[in-house]
Amino acid sequence: MPKTKEKTAYFCSECGYESSKWMGQCPACHSWNTFQEIKIGPQEGRGAGRKSILAGQNKPVPITQVTSRQEERFSTGSGELDRVLGGGIVQGSLVLVGGDPGIGKSTILLQMMRHLAGQGKKVLYVSGEESMQQVRMRADRIGEFSDNMRLFCETGLEAVEAAIEKEKPYVAVIDSIQTISDDEVSGGTGSVSQIRSATASFMRLAKSTGVAVFLVGHVTKEGSVAGPKMLEHMVDTVLYFEGDPHTSYRILRAVKNRFGSTNEIGVFEMRQDGLSEVPNPSEYLLDGRPVGESGSVTGCILEGTRPMLIEIQALVCRTAFGFPRRTAVGMDLNRLNLLLAVLEKRVGMKFSACDAYINITGGMRSSEPALDAAVAAALISSYQDIAISEKAVCFGEIGLSGEIRGVSMANARVQEARRLGFAQCILPYSNLSGIEKKDGIRLSGMRSIRELADFFERNPS
Ligand code: TYD
Ligand code: MG
């Protein structure tokens with residue numbers, strides 16, 4: 001082998017930022033002391049992998065002469081997962097599934113493989129974290145598996161690649177990418193260089209063999225897939241599994257998708273026998289709402305393109321100290337402070353002498369401006385101690401002059417409320433004209449926060 005000059009580069013182990021020299025603080029993610037020196041061999045430099053993937057196509061051609069091909073997709077057996085993937089699994093695609101430990105990444109992928117194996121498609125599950133027995137025990141909780149599901153416990157990249165090439169499965173799952181290492185690459189297991197190299201290899205493998213490869217990636221406490229933010233650039237699709245570990249409720253979100261929209265989410269519930277789909281998340285989220293109590297309002301947020309009804313609770317009480325306390329669970333505290341200031345100035349409610357707590361139930365979080373009106377309504381309701389009808393839904397964005405501004409997809413939100421049997425919808429006045437079906441639901445358009453406060457005073461439940 002000809003001797004080539006050894007090159008090194010520095011990578012941030014948090015976000016994958018590349019630099020030619022060492023730095024104390026990463027300019028991209030601002031974390032300290034995260035740069036690692038990595039040898040980049042001649043094959044790992046710029047454009048590695050690209051050559052082999054695009055070989056034979058390296059000539060500019062007019063776009064109209066390129067034949068477009070409808071990707072062949074196959075179902076995962078879960079409507080929610082299919083939707084997040086953009087309609088099913090695409091052959092030869094590389095999908096990264098990220099999420100906190102214990103959130104259910106291995107479980108959802110096992111369930112997908114069980115479905116595919118049951119359909120007579122060969123699938124390969126590579127586990128670098130658990131022994132065969134552990135995987136079998138988990139699989140037993142989910143159900144019966146067919147022999148088309150092959151299990152392989154291995155951490156060496158070469159052996160895994162060889163197994164995929166030999167078995168030629170429809171889908172290969174690598175659980176997790178952080179446990180795969182290659183002896184020829186410097187750095188310990190889970191280091192930036194190992195993960196980069198393994199991901200690049202799986203990309204090449206997926207494109208050359210047409211096997212759809214799912215990589216499981218662990219998430220750091222900051223919430224990105226460990227180290228490798230750069231993994232997100234290398235793969236076709238990035239899915240994140242989110243959810244409050246204390247509730248059984250899980251949301252699967254597409255952050256990047258070369259084969260579909262990133263607006264979709266899937267909602268699941270963790271049960272004794274694995275994850276089950278939640279086709280009606282609003283019903284689930286509104287379960288157990290208090291009736292006739294002040295401070296509870298139903299709001300509507302959009303998750304992707306999907307309207308979801310959630311309960312917002314406020315508790316306002318006279319402050320015992322000179323400095324009022326404000327706490328927000330599930331929404332931005334600054335937004336709460338802003339709404340309190342607008343209510344004080346435009347409606348004349350003395351919130352500066354009150355503690356205020358906001359809670360979005362069900363472990364949901366949202367930063368959508370359409371939540372403003374429901375939060376304001378909950379605050380007004382608790383401040384005045386008047387209950388708001390449990391049959392009412394409220395949404396709208398509130399501006400600093402106290403105006404209630406229109407929000408996107410108002411019609412979809414109203415239809416969701418109608419579908420679930422709500423009798424009244426309080427919405428921005430400017431959205432009224434865009435509502436299509438109105439039977440069975442009373443619409444009250446609001447122009448300002450003052451009108452909103454008056455409305456609740458006139459219409460206590
Ligand atoms: P797992 O898929 O192992 O998470 P990850 O791969 O993301 O780390 O999920 C593990 C959790 O899910 C664990 O706390 C147990 C729970 N669980 C159930 O509640 N029911 C089940 O049927 C299974 C398989 C797991
Ligand atoms: Mg796991």
Ring geometry between Phe351 and Tyr383 (parallel below 30°, tilted from 30 to 60°, perpendicular above 60°): tilted

Pair Thr199-Ile177, side-chain contact (heavy atoms from CB on, under 4.5 Å): steps then yes or no: CA-CA 7 Å; Thr199 307; Ile177 185 72; 3.8 Å; yes

Asp140 side chain near Arg136 side chain, heavy-atom distance below 4.5 Å: yes

Tyr10 and Gln36, any side-chain heavy atoms less than 4.5 Å apart: no

Step-by-step side-chain hydrogen bond (donor to acceptor under 3.5 Å, both in side chains) determination, Thr361 to Gln313: CA-CA 8 Å; Thr361 60; Gln313 296 184 328; 5.9 Å; no

Taking every non-hydrogen atom, the tightest pair across Arg418 and Lys437: NH1-CB, 3.2 Å

Flag, side chain of Asn148 to backbone of Ala117, donor-acceptor distance under 3.5 Å: yes

More than 12 heavy atoms from other groups under 6.0 Å of CZ on Phe74: yes

Interatomic spacing from CD1 in Ile312 to CD1 in Ile358 - rounded to 0.5 Å: 7.5 Å

Value rounded to 0.5 Å, distance of CE in Met23 from OG1 in Thr34: 9.0 Å

Option passing side-chain hydrogen bond (donor to acceptor under 3.5 Å, both in side chains) with Thr298 (candidates Glu311, Arg289, Lys391): Arg289

Under 3.5 Å donor-acceptor, Thr76 side chain and Met112 backbone: no

Heavy-atom closest pair, residues Met234 and Arg196: CE-O, 3.4 Å

Polar side-chain atom of Lys105 near backbone of Gly98 as donor-acceptor pair, under 3.5 Å: no

Reference residue Ile360; test side chain to side chain contact (heavy atoms under 4.5 Å, CB included); the match among Ile301, Val329, Ile310: Ile310

Ser78 side chain reached by His115 side chain, heavy atoms, under 4.5 Å: no

Under 3.5 Å: donor-acceptor pair, side chain of Ser381, backbone of Gly295: yes

Residue from Arg250, Arg365, Arg253 passing side-chain hydrogen bond (donor to acceptor under 3.5 Å, both in side chains) with Glu242: Arg253

Candidate list Val213, Ile164, Ile174, test side chain to side chain contact (heavy atoms under 4.5 Å, CB included), partner Leu124, passing option: Ile164

Pairwise distance CG(Asp385) to CD(Glu293) - rounded to 0.5 angstrom: 9.0 Å

Approximate separation, where rounding is to 0.5 Å, of Ser389 OG and Phe456 CZ: 9.5 Å

Asn411 to Gly434 - nearest heavy-atom pair and separation: CB-O, 3.7 Å

Glu403 and Ser401 side chains, donor-acceptor separation under 3.5 Å: yes

Separation of Cys26 SG from Asn33 CG (nearest 0.5 Å): 12.0 Å

Check: Ser276 and Glu269 side chains under 4.5 Å, non-hydrogen atoms: yes

Atom of Val393, atom of Ala417 and distance for their closest heavy-atom approach: CG2-CB, 3.8 Å

Main-chain N/O of Val238 paired with Glu232 side-chain donor or acceptor, under 3.5 Å: no

Electrostatic pair Arg306-Glu80, nearest N-O below 4.0 angstrom: yes

Distance-only donor-acceptor check, side chains Asp175 and Ser106, under 3.5 Å: yes

Flag, side chain of Asp355 to backbone of Cys317, donor-acceptor distance under 3.5 Å: no

Gln424/Ile388 under side-chain contact (heavy atoms from CB on, under 4.5 Å): CA gap, chis, key distance, verdict: CA-CA 11 Å; Gln424 183 167 41; Ile388 291 177; over 6 Å; no

Which atom of Leu336 lies closest to which atom of Ala356, heavy atoms considered: CD2-O, 4.4 Å

Approximate separation, where rounding is to 0.5 Å, of Lys122 NZ and Ser146 OG: 11.0 Å

Minimum side-chain heavy-atom gap Val414-Phe395 below 4.5 Å: yes

Residue Lys256 excluded, over 12 heavy atoms near NZ under 6.0 Å: yes

pair Arg419-Asn280: side-chain heavy atoms closer than 4.5 Å: yes

Residue among Leu343, Leu338, Leu371, Ile404 satisfying side chain to side chain contact (heavy atoms under 4.5 Å, CB included) with Ile398: Ile404

Backbone N/O of Ser197 and side chain of Ser201: donor-acceptor pair under 3.5 Å: yes

Arg413 with Glu416: basic N within carboxylate O range, under 4.0 Å: no

Derivation and outcome, side-chain contact (heavy atoms from CB on, under 4.5 Å), residues Cys425 and Leu443: CA-CA 5 Å; Cys425 185; Leu443 302 177; 3.8 Å; yes

Arg258 atom CZ: more than 12 heavy-atom contacts under 6.0 Å: yes

Any side-chain heavy-atom pair of Ile89 and Val95 under 4.5 Å: no

Derivation of the side-chain contact (heavy atoms from CB on, under 4.5 Å) call for Tyr429 and Glu451: CA-CA 11 Å; Tyr429 186 82; Glu451 270 182 31; 5.9 Å; no

Side-chain heavy-atom pair Pro307, Leu302 within 4.5 angstrom cut-off: yes

Flag if over 12 foreign heavy atoms under 6.0 Å of CZ, Arg138: yes

Backbone of Gly274 reached by a side-chain donor or acceptor of Gln111 within 3.5 Å: no

Donor on one side chain, acceptor on other, Asp332 and Ser367, under 3.5 Å: no

Closest non-hydrogen atom pair, Gly104 against Phe241: O-CE1, 3.4 Å

